[in-house]
There are 2 protein chains.
Amino acid sequence: MSNTRVPPSIEPAAADAVAPCCPPLAERPLTAEEAEVAARMFKALGDPVRLRLFSAVASHEGGEACVCDISDVGVSQPTVSHHLKKLKEAGLLTSERRGTWVHYRVEPSVLAAMGKLLTAAPR
Amino acid sequence: MSNTRVPPSIEPAAADAVAPCCPPLAERPLTAEEAEVAARMFKALGDPVRLRLFSAVASHEGGEACVCDISDVGVSQPTVSHHLKKLKEAGLLTSERRGTWVHYRVEPSVLAAMGKLLTAAPR
DNA sequence: CGTCTATGTTGACAGCTGTCGAAACAGGTG
DNA sequence: CACCTGTTTCGACAGCTGTCAACATAGACG
């Protein structure tokens, strides 16, 4: 498999990737493309450190948190930055620099989209 | 190594891992252990092939499908078997041999648990 | 301007992961 | 019993991933 899906990382693709994602997993077999889009999001949450970072941001006041508030997850700060970058690339987080500190925010539509994916079919 | 029809391969960790998982991601920052458990499930769905296999099983009649019905995902059959094994180890699927064919079934509580994880906090 | 704190980037490395071909196993059929 | 089909396991390999130390950048402060 060697498909270069490394986007130009100019962020606008991020918001795009989440909204029109896929039907619930139990509704229809996903197509290859749908699966690739959805798998990217699941993969981003498939690491304990990233999951903790994401949860920390999501549960923080206003769904927004400074790096300094969430960087206590047991790994070095460069690693934290690396994971945050990956979450951002996956379209799950957005970042904004407010003076000295950088604030990360959860993209609300992401939770909705992923939640819908895991909706049980009314069978 | 296995001549019995009693499947000894039900790793206790697997069944354990699904039911008592974690609170919604946006409710509280996950602990390290919670994150590890949840990340295992997300990771299992973090591969396009596995996601398609899971979706194919989940959307099949009765939430159950024969390997022969879902093995058309673009990779060789050994690879399909490998991914199904991983999904089974993650506690997302269960397998049962009915004569010649092996049927995989979705563990219903898994969808519920993961759906709950992605529930937006009532903020 | 110089320095200090807060983040991000780079380069490198061990370890895991996905993939395949070949072989083994399970069960049905003639 | 021999044979055939469906499924899993084995062994191997390229490529991705997570991690860190060291360095670079951005803004604040004196």
Side-chain angles (χ1 to χ4, degrees), chain A residues 1-7 9 11 32 35-36 39-54 56-57 64-90 93-105, chain B residues 1-10 32 35-36 39-40 42-54 56-57 64-90 93-105:
Chain A
M1 95 151 126
S2 54
N3 24 18
T4 57
R5 81 281 322 251
V6 179
S9 76
E11 277 102 301
E36 208 146 333
R40 205 184 314 165
M41 299 192 298
F42 282 116
K43 196 176 192 177
L45 295 180
D47 180 90
V49 173
R50 279 198 295 269
L51 198 53
R52 279 224 276 171
L53 290 172
F54 185 81
V57 174
E64 181 175 319
C66 164
V67 176
C68 54
D69 289 329
I70 60 175
S71 57
D72 189 18
V73 289
V75 294
S76 69
Q77 220 168 38
T79 302
V80 169
S81 186
H82 178 223
H83 284 306
L84 286 173
K85 185 182 175 185
K86 283 214 158 186
L87 286 168
K88 196 167 68 173
E89 284 174 358
L93 294 179
T94 57
S95 68
E96 183 189 358
R97 177 155 225 148
R98 295 177 66 89
T100 304
W101 291 276
V102 177
H103 292 255
Y104 279 82
R105 197 189 321 177
Chain B
M1 67 177 96
S2 64
N3 55 355
T4 66
R5 55 235 43 237
V6 180
S9 62
I10 308 275
E36 207 145 333
R40 205 184 314 165
F42 282 116
K43 196 176 191 177
L45 295 181
D47 180 271
V49 173
R50 278 199 296 269
L51 199 52
R52 278 225 277 170
L53 289 172
F54 185 81
V57 174
E64 182 177 318
C66 164
V67 176
C68 55
D69 288 329
I70 60 176
S71 57
D72 189 16
V73 288
V75 294
S76 68
Q77 218 168 34
T79 302
V80 169
S81 186
H82 177 224
H83 284 306
L84 287 172
K85 185 182 176 185
K86 284 214 155 185
L87 286 169
K88 196 167 68 175
E89 284 174 359
L93 294 179
T94 57
S95 68
E96 183 189 359
R97 178 155 224 148
R98 294 177 67 88
T100 304
W101 291 276
V102 176
H103 293 254
Y104 280 81
R105 197 188 322 176

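Reminder, nothing fancy here: chain letters follow the sequence lines and each chain counts from 1.
- Taking atom NZ of residue B/Lys88 and atom C1' of nucleotide D/dT9, one finds them 12 Å apart after rounding to whole Å.
- Counting to the nearest Å, the P atom of D/dT17 and the CD atom of A/Glu89 are 10 Å from each other.
- At least one side-chain heavy atom of B/Ile70 sits under 4.5 Å from a side-chain heavy atom of B/Leu84.
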Show which side-chain atoms of residues 47-54 of chain A pair as donor or acceptor with protein atoms under 3.5 Å away, not counting sequence neighbours.
residue	atom	partner	partner atom	Å
A/Asp47	OD2	A/Val49	N	2.9
A/Asp47	OD2	A/Arg50	N	3.2
A/Arg50	NE	A/Ala44	O	2.6
A/Arg50	NH1	A/His83	ND1	3.2
A/Arg50	NH2	A/Lys43	O	3.3
A/Arg52	NH2	A/Val73	O	3.0

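- Put simply, CZ on A/Arg98 is 16 Å from C1' on D/dA28, counting in whole angstrom units.
- The side chain of B/Tyr104 contributes no N or O atom lying less than 4.0 Å from OP1 or OP2 of D/dT7.
- If you measure from atom CG of B/Leu84 to atom C1' of C/dG18, you get 14 Å, rounded to the nearest angstrom.
- Within 4.0 Å of B/Arg50, counting heavy atoms only, lie sugar-phosphate atoms of the nucleic acid but no base atom.
- Residue B/Trp101 has its side chain nearest to D/dT7 when only D/dT19, D/dT7, C/dT7 are considered.
- Across residues 72-83 of chain A, A/Gln77, A/Pro78, A/Ser81 each have a non-hydrogen atom less than 4.0 Å from an atom of DNA chain C (numbered order).
- With values rounded to the nearest 0.5 angstrom, A/Leu87 atom CG is found 12.5 Å from A/Met41 atom CE.
- At the phosphate of C/dT7, neither OP1 nor OP2 sits under 4.0 Å from any side-chain N or O atom of A/Lys85.
- Closest non-hydrogen pair, B/Ser95 versus B/Lys88, comes out as OG-NZ, 3.2 Å.
- Look at CD on A/Glu96: it is 20 Å from P on C/dA6, rounded to the nearest Å.
- OP1 and OP2 of C/dG8 both lie 4.0 Å or more from every side-chain N or O belonging to A/Arg97.
- Across the interface with DNA chain C, nearest-nucleotide mapping of A/Ser71 and B/Gly99 shows A/Ser71 to be the residue nearer the 5′ end.
- One interatomic measurement links the two molecules: CG of B/Leu87 to C1' of C/dG18, which rounds to 13 Å at whole-angstrom precision.
- Taking 4.0 angstrom as the limit, B/Lys86 places a side-chain polar atom (N or O) nearer than this to OP1 or OP2 of C/dG18.
- Identified under the side-chain hydrogen bond (donor to acceptor under 3.5 Å, both in side chains) test for residues 65-78 of chain A, with sequence neighbours left out: A/Ser76-A/Thr79.
- C/dA26 atom P lies 18 Å from atom NE2 of B/His103, rounded to whole Å.
- One finds a side-chain N or O of B/Lys43 lying less than 4.0 angstrom from the OP1 or OP2 phosphate oxygen of C/dT17.
- Counting heavy-atom neighbours within 6.0 Å of B/Glu36 CD, excluding the residue itself, gives a total of 12 or less.
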- [ ] Assess whether side chain to side chain contact (heavy atoms under 4.5 Å, CB included) is satisfied between A/Glu96 and A/Arg98, documenting all intermediate values.
- [x] CA-CA 6 Å; A/Glu96 183 189 358; A/Arg98 295 177 66 89; 3.9 Å; yes
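- When rounded to the nearest whole Å, the span between CG of A/Asp47 and P of D/dC16 equals 18 Å.
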